[in-house]
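Take a look at the structure below.
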Amino acid sequence: EAQVTQNPRYLITVTGKKLTVTCSQNMNHEYMSWYRQDPGLGLRQIYYSMNVEVTDKGDVPEGYKVSRKEKRNFPLILESPSPNQTSLYFCASSPGGTGGSLGGYTFGSGTRLTVV
Amino acid sequence: AQSVAQPEDQVNVAEGNPLTVKCTYSVSGNPYLFWYVQYPNRGLQFLLKYITGDNLVKGSYGFEAEFNKSQTSFHLKKPSALVSDSALYFCAVRDGMNRDDKIIFGKGTRLHILP
């Protein structure tokens with residue numbers, strides 16, 4: 001089954017404790033992206049990657065890091081989480097290229113992160 | 001720069017009535033437009049898209065959307081609402097002039113279908 005898999009689904013952590021949210025897709029997609037969803041703000045893009053070793057900042061990159069060493073994986077790293085990073089996080093992928101997103105993004109099921 | 005607006009935070013519709021969820025957009029080039037739906041505790045699911053051609057686009061679950069270039073709108077519609085349509089709906093746009101794959105999402109409209 002074609003899918004984007006995120007782990008964990010739920011995570012409660014303390015301020016300053018480094019964490020990683022994993023994202024993996026099995027569709028050989030070139031484009032991957034991380035979003036955070038907050039009430040009243042919709043989906044805001046954190047980082048995206050157009051291919052292996054190619055990453056770029058989205059609209060709200062502060063406090064986050066990403067890497068794209070393999071095509072299928074795009075982990076989101078919070079080096080020192082803070083309470084304002086409490087949110088619902090989504091990973092998405094698409095085939096990429098100028099026509100890639102025209103079929104739509106495939107989203108993971110989300111990771112609900114709470115930083116206390 | 002591209003942008004998308006969903007003017008209604010919430011829409012309430014009685015079951016069996018037609019529904020409309022509004023979306024307007026702004027792009028520099030030709031717009032590529034999308035609707036996604038999010039059910040509770042789930043990720044976003046692709047509903048339908050407009051790339052080119054017929055202004056009326058049909059998608060999943062009986063939904064359709066009408067592209068109106070003069071009004072820069074892409075409203076989501078369904079002739080007869082079901083209680084199971086209750087969810088959060090996102091409109092999204094990609095500027096055809098952009099070479100990257102970036103899609104901008106609206107803030108979402110929560111649709112309540114009343115039994």
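In what follows, chains carry the letters A, B, and so on, assigned in the order in which the sequence lines appear, proteins first and then strands, with residues in each chain numbered from 1.
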Spell out, as yes or no, whether a donor-acceptor pair under 3.5 Å connects the side chain of A:Y105 to the backbone of B:F46.
-> no
Please answer: with hydrophobic residues joined when any side-chain heavy atoms are less than 4.5 Å apart, are [X] and [Y] in the same cluster?
{"X": "B:F105", "Y": "A:Y89", "result": "no"}
{"X": "B:F34", "Y": "A:V4", "result": "no"}
{"X": "A:I46", "Y": "A:Y35", "result": "no"}
{"X": "A:M50", "Y": "A:M27", "result": "no"}
{"X": "B:L47", "Y": "B:Y50", "result": "yes"}

Could you tell me whether B:K78 atom NZ has more than 12 heavy atoms of other residues or ligands within 6.0 Å of it?
-> yes
For A:K71, look at atom NZ and say whether over 12 heavy atoms of other residues, nucleotides or ligands are found less than 6.0 Å away.
-> yes
Ranking A:G42, A:P39, A:C91 by heavy-atom pairs under 4.5 Å to chain B gives rank one to A:G42
Under a 4.5 Å cut-off applied to non-hydrogen side-chain atoms, are A:L43 and B:I104 in contact?
-> no
Just wondering, do B:F90 and A:Q37 contact through their side chains at under 4.5 Å, heavy atoms?
-> yes
Greatest number of non-hydrogen atom pairs under 4.5 angstrom with chain A, of B:R42, B:Q38, B:Q45, falls to B:Q38
Region of B:L88 that comes under 4.5 Å of a non-hydrogen atom in chain A = side chain
Between A:Y10 and B:N41, what is the shortest heavy-atom contact and its length?
-> OH-OD1, 4.4 Å
Below 4.5 Å from any heavy atom of chain B, which atoms of A:Q6 appear? Answer side chain, backbone, both or neither.
-> neither
Cut-off 4.5 Å, heavy atoms of chain B, and the answer for A:R9 is side chain
